[in-house]
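Throughout, residue positions are numbered sequentially from 1 according to the sequence presented.
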Amino acid sequence: MTEDRAERAAALLVAARTGDRLRDLPEDCRPRTVEEAYAVQDVVLARTGPAHAWKVGAKTPEAEPACAPMPAATVHPSPAALPGDAFGVRLIEAEIAYRFGRALPPRPQPYTTDEVLAAVDAVLPGIEVVDGRFQDRNAVDALSILADNITSGAYVTGAPVTDWRRVDPARQGVQLRVNGAIVVDTVGGNPAGGDLTRLLTWMANALSMRGHGLKPGDIVTTGSCTGMTPVGPGDTVEAEFPGLGTVSLRFTPPM
């Protein structure tokens with residue numbers, strides 16, 4: 001992707017964060033490959049960063065993962081209060097995230113799973129607010145969604161658990177509540193499967209190849225355990241992971 005095309009796509013996506021949502025990206029700057037979509041991500045990040053967190057996920061245990069940055073301004077500690085009218089949509093996902101205590105900088109050789117896990121220092125419960133810069137995410141091609149940071153709107157982090165190796169994502173329960181009512185109560189639930197170390201290793205190497213790397217304190221969230229739940233602009237959301245912790249988010253209604 002030429003620098004000019006990436007810059008034009010990124011400019012439209014950044015403007016749509018505070019202005020009108022896009023119907024789609026113009027064909028002349030729409031990404032045509034995965035590499036081009038990541039090139040747009042990098043330009044968006046240069047304009048909105050730095051990244052305090054990253055998201056990674058896969059549709060099946062065998063599928064190629066995908067990732068996107070979460071700029072620091074969109075990451076909030078629990079309990080969080082966010083303006084309900086700041087989002088085009090409010091789709092909620094309860095997720096498990098990992099915090100890195102040591103850097104994994106870019107390097108020529110790939111990181112091994114053992115190296116990646118040795119750099120992790122905590123696991124955290126999280127809530128992602130799926131939003132996006134398009135009017136209808138279901139009417140946009142997959143590469144444009146990838147370029148749009150995989151429709152990441154905001155992320156709320158719970159308290160870190162340093163005894164993180166005891167947490168088994170395949171057996172971890174989670175209960176998602178909206179205004180106190182249970183809407184999802186499940187175990188596991190991540191479409192990538194129970195072994196999330198595959199995602200972490202892939203992420204470390206994908207970022208290394210793009211020249212980013214992971215810094216101490218960076219958080220990597222690993223995909224939804226509950227699917228997407230739509231909520232209203234004044235709703236309160238809680239995700240409780242027994243043995244791991246609870247994370248909460250309140251949307252403040254429009255004035």
Side-chain angles (χ1 to χ4, degrees), residues 10-25 40-41 44-55 57 68-97 124-140 144-145 147-160 174-184 217-221 223-241 245-255:
L12 290 169
L13 291 169
V14 171
R17 289 173 176 262
T18 54
D20 293 337
R21 282 352 192 236
L22 302 170
R23 183 170 176 229
D24 55 23
L25 287 172
V40 176
Q41 276 191 17
V44 170
L45 180 60
R47 298 185 179 202
T48 61
H52 175 66
W54 298 81
K55 61 183 293 183
M70 294 177 170
T74 68
V75 181
H76 312 272
S78 175
L82 299 176
D85 59 357
F87 303 92
V89 295
R90 290 161 300 278
L91 299 173
I92 298 300
E93 298 180 334
E95 305 188 351
I96 295 173
L124 309 86
I127 291 174
E128 182 178 2
V129 183
V130 176
D131 191 19
R133 275 46 67 180
F134 295 106
Q135 296 171 10
D136 181 358
R137 65 190 302 274
N138 295 315
V140 180
S144 293
I145 292 293
D148 186 30
N149 290 348
I150 320 180
T151 60
S152 175
Y155 195 76
V156 181
T157 61
V174 58
Q175 188 179 89
L176 184 65
R177 299 186 290 267
V178 178
N179 299 327
I182 299 171
V183 294
V184 180
D218 277 358
I219 293 166
V220 174
T221 189
S224 180
C225 299
T226 56
M228 294 183 186
T229 298
V231 299
D235 286 347
T236 296
V237 180
E238 292 180 308
E240 180 179 359
F241 293 79
T246 300
V247 56
S248 65
L249 163 63
R250 177 174 61 89
F251 289 102
T252 57
M255 298 297 292

Using every non-hydrogen atom in the two residues, find where [X] and [Y] come nearest and quote the distance to one decimal.
X    : Y    : answer
V247 : G158 : CG2-N, 3.8 Å
F241 : P125 : CD1-CB, 3.5 Å
Y155 : G126 : OH-CA, 3.4 Å
A97  : I219 : CB-CG2, 3.6 Å
T252 : P83  : OG1-CA, 3.2 Å
I145 : R137 : CD1-O, 3.8 Å

Could you walk me through whether S144 and D24 pass side-chain contact (heavy atoms from CB on, under 4.5 Å), step by step?
CA-CA 8 Å; S144 293; D24 55 23; over 6 Å; no

Return the [atom1] to [atom2] distance between [X] and [Y], rounded to the nearest 0.5 Å.
X    : Y    : atom1 : atom2 : value
T151 : M228 : OG1   : CE    : 5.5 Å
R90  : I92  : CZ    : CD1   : 9.0 Å
T221 : L124 : OG1   : CG    : 9.0 Å
D235 : L249 : CG    : CG    : 10.0 Å
T48  : Q41  : OG1   : CD    : 10.0 Å
R250 : L82  : CZ    : CG    : 9.5 Å

Determine whether T157 and H52 make a side-chain contact, defined as any pair of heavy atoms from C-beta on separated by less than 4.5 Å.
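Sidechains of H52 and T157: no contact.
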
Are the side chains of V156 and S78 in touch, meaning some heavy atoms are under 4.5 Å apart?
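A side-chain contact exists here, since the closest heavy-atom pair is under 4.5 Å.
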
Are the side chain of [X] and the backbone of [Y] linked by a donor-acceptor contact shorter than 3.5 Å?
X    : Y    : value
T226 : A94  : yes
T74  : G153 : no
D148 : R133 : yes

For L176 and V237: C-alpha separation, side-chain torsions, deciding distance, then whether side-chain contact (heavy atoms from CB on, under 4.5 Å) applies.
CA-CA 7 Å; L176 184 65; V237 180; 3.7 Å; yes

Is D131 salt-bridged to R21, cutoff N-O under 4.0 Å?
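Yes, charged N to carboxylate O under 4.0 Å.
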
For a side-chain contact (heavy atoms from CB on, under 4.5 Å) check, start with the C-alpha distance between V174 and I96, then their side-chain angles and the critical distance, and finish with the verdict.
CA-CA 10 Å; V174 58; I96 295 173; over 6 Å; no

Under the salt bridge (Lys or Arg N to Asp or Glu O under 4.0 Å) rule, what pairs show up with a residue in residues 45-54, not counting sequence neighbours?
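Applying salt bridge (Lys or Arg N to Asp or Glu O under 4.0 Å) to every pair that reaches into residues 45-54, excluding sequence neighbours, yields E7-R47.
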
Hey, mind stepping through K55 and E95 against side-chain contact (heavy atoms from CB on, under 4.5 Å) and telling me if it holds?
CA-CA 10 Å; K55 61 183 293 183; E95 305 188 351; 5.6 Å; no

